[in-house]
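See structure below.
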Number of protein chains: 2
Amino acid sequence: MTTIHDVARRAGVASITVSRVINNSGYASEDIRQRVLAAVKEMGYVPNRLAGSLRSKRSKVLALVMTDITNPFFTVAARGVEDVASRAGYTVIFCNTDEDKQKEQNYIQVLMQNQVDGVVLVPSGSDSESVETLQQNGVQVVVVDRHVSSQKVDQVRCDSLNGAYELTKLLISLGHTHIALLNGPQNVSTAADRFTGFNRALADAGLDTASQSVIFGAFTRASGAEMARQVLEMTPRPSALFAGNNFIALGVLRALEDARLRVPEDMAVVTFDDLPESLVISPFLTVAAQPVYEMAARATELLIERLAATQVYDFQDIVFPTTLIVRKSSGVKIETLK
Amino acid sequence: MTTIHDVARRAGVASITVSRVINNSGYASEDIRQRVLAAVKEMGYVPNRLAGSLRSKRSKVLALVMTDITNPFFTVAARGVEDVASRAGYTVIFCNTDEDKQKEQNYIQVLMQNQVDGVVLVPSGSDSESVETLQQNGVQVVVVDRHVSSQKVDQVRCDSLNGAYELTKLLISLGHTHIALLNGPQNVSTAADRFTGFNRALADAGLDTASQSVIFGAFTRASGAEMARQVLEMTPRPSALFAGNNFIALGVLRALEDARLRVPEDMAVVTFDDLPESLVISPFLTVAAQPVYEMAARATELLIERLAATQVYDFQDIVFPTTLIVRKSSGVKIETLK
DNA sequence: CTGTTAGCGCTTTCAA
DNA sequence: TTGAAAGCGCTAACAG
């Protein structure tokens, strides 16, 4: 293993000079610069960043802690984080918590032990425990997608409330009066906000909120299918389903197919989150699309700005709008069909 | 920042004793153990792994370098690596190369600088440059999914040749005599092997290899759609398409839909790689499925075994079988239709 | 079973 | 513009 000292000896300089050249920090005459770079190349020198970070107290490593790496929503987010981070000279570690608070806390510990400079966190719940743990240990955090109760952290998310409002309003305008919301877990902010937006749209349209069906489950395909099955057994049966996210929607579609129900003829369907074009054969679902990539990128920018800042400043709460994309699954006006 | 010395002072022991307790290495009386753990808890001590790794020369960190994190094939692989690694006390870093050799080399450098113990590599090409760079710097590697020319590295992959042979044989048995292979890049081993299997099945059936259409593109949806469009303009037009992977298949389906061609009535379609159940509404594609999770898990086991080994031993080349899953997209016998 | 000493490879600090 | 000395926080090696 060649060290910085070996390179220094070969180039006939002090090791600190080698350090300055390879990190572009401090001055170095052109002559010395060339001699050092030549030595580095000849010896195949690979700097040991662990040693550097130990001394400098900065690792130039960020982490993205997300709840489900198999969901395209988060792989797109991963791209957003990665692109911004690498442009600023940071490396990114990706962690997957499976919506499990315990796993999240484990990762937080491991990340702190490995001295990451900052964390982009998609929290598994709405409490701010992980955020506080990180902050107490001097690690910067930005919360993305879901928001937590703390006021003392940067947060970047989408307007779930309004997105849900728009989707629900669309269904109502199409003539639906009995809509079921098949949602994620109640303790996750996005699910809670979508519930609120759903109710508000119904109330604004003068529809009875109490007579609608709302089920809280998980943001998975299995849960979506299960919730859809429950709803299909209700009498009277709703004429439209609102899925809490993309995976729930896929489960819903599966359950409807099993029940030999056509979408939108027999049942209208709308959902949050679009699926990436690369994964869809034929775009079909009416969705409230979130600008995931932009959200993740912006969050990472906030994080990096704070890492570069020399003084403290107010925490930011950035809310992106959703985009309503109307496709076939929501159907046309019910009256038109008659 | 509390250090191991602070904890040692608080517990009234030497720092090496604290080290032994928190790492479960060496002996410690129950009394001392309790005192140390209490001190750790009271002070909220977080060990600095950078310092430990610098001294011990082992970071307990592995990396998975993959070519496309947005492809479910690789997110499933990520799960396989992660599950095995964390069980053995390793942390995993995920890196995405976008099939770009330059990005791959950059990551290899960064990983070496950060002293990862081992790398699970999905190479972007079939040369063994990255493998050699890592090995020369004392980092263990295992190559997964695609194989490289080197004999001096563990490799785990699927039998692409036989999988392609089976898929092609199926199409032939259904009566197709003009089949187009829409493949990935020629310099990637999986694409090359699928090409070989395709040709062998044709030859074994006495069909003219030269009169079939073979196009090499990229493992993306866009490329799949583009290749399909090319094929559709041929005269005579093939009656069946063989997609080189899942993303190519999705592009093919899109192009066929745009051309108002029905699958399988107007065009039979088969492909490599199944899509995870969570992402598919209704399984429809006839595929040669690969046991991705198992492949990734096995590769990680090999890597960890080698890291634990006290002596060198022969490199292994593990080949998993593919499973032919026949669904609607391949259609029924052509004669039956008449 | 517990402790002392030294040093991993780098960068900070201070000096020339 | 370059260098010498010191030390980041931990664990290997050896001692008792």
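What's counted below: heavy atoms across the whole structure, side chains too, no hydrogens, waters or symmetry copies.
Side chains of A:Gln135 and A:Gln140: a donor-acceptor N/O pair is absent below 3.5 angstrom, by distance only. Judged purely by distance below 3.5 Å, without hydrogens or angles, the side chains of B:Ser130 and B:Glu104 pair a donor atom with an acceptor atom. No side-chain donor from either of B:Tyr107 and B:Asn96 sits under 3.5 Å from a side-chain acceptor of the other.
Atom CD1 of A:Ile4 and atom C1' of D:dT2 are 14 Å apart (whole Å). At whole-Å resolution of the value, CD in A:Gln113 and P in D:dT11 are 10 Å apart. B:Met112 has its CE atom 16 Å from the C1' atom of C:dG9, to the nearest Å. Atom-to-atom, CG of A:Leu54 to P of D:dA6 comes out at 18 Å; the value is rounded to the nearest Å. Distance B:Ile22 CD1 to D:dG9 P: 14 Å, rounded to the nearest Å. Rounded to an integer number of Å, the gap from A:Gln115 CD to D:dC8 C1' is 11 Å. Atom-to-atom, NZ of B:Lys60 to C1' of D:dC10 comes out at 17 Å; the value is rounded to the nearest Å. Remark: C1' of C:dG3 and CZ of B:Arg9 are 16 Å apart, rounded to the nearest angstrom.
Two residues are said to be in side-chain contact when any heavy atoms from C-beta on lie closer than 4.5 Å; B:Thr91 and B:Ser86 fail this criterion.
At C:dG3, one or more side-chain N or O atoms of B:Thr17 fall inside 4.0 Å of OP1 or OP2 (strictly under the cut-off). For A:Lys57 and C:dT12, the shortest distance from a side-chain N or O to OP1 or OP2 is not below 4.0 Å. The side chain of A:Arg58 places an N or O atom within less than 4.0 Å of a non-bridging phosphate oxygen (OP1 or OP2) of C:dT12. In this structure, B:Ser19 reaches the D:dT11 phosphate: one of its side-chain N or O atoms is under 4.0 Å from OP1 or OP2.
Ion pairing between a basic and an acidic side chain is recognised when a charged N comes within 4.0 Å of a carboxylate O; A:Asp117 and A:Lys57 show no such pairing. A salt bridge does not link A:Glu132 with A:Lys152: none of the charged nitrogens is closer than 4.0 Å to a carboxylate oxygen. Salt bridge A:Arg79/A:Asp83: absent, no basic N to carboxylate O contact under 4.0 Å.
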Write out a two-atom table: protein N or O, nucleotide N or O from nucleotides 13-16 of chain C, distance below 3.5 Å.
none

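The stretch residues 27-53 of chain B touches DNA chain D through B:Tyr45, B:Pro47, B:Asn48, B:Ala51, B:Gly52, each having a heavy atom under 4.0 angstrom from the strand.
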Side chain to side chain donor-acceptor pair (under 3.5 Å) evaluation trace for A:Thr70 with A:Asp68: CA-CA 5 Å; A:Thr70 64; A:Asp68 186 2; 2.7 Å; yes

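Of the candidates B:Val144, B:Val81, B:Val142, B:Val81 is the only one forming a side-chain contact (heavy atoms from CB on, under 4.5 Å) with B:Thr300.
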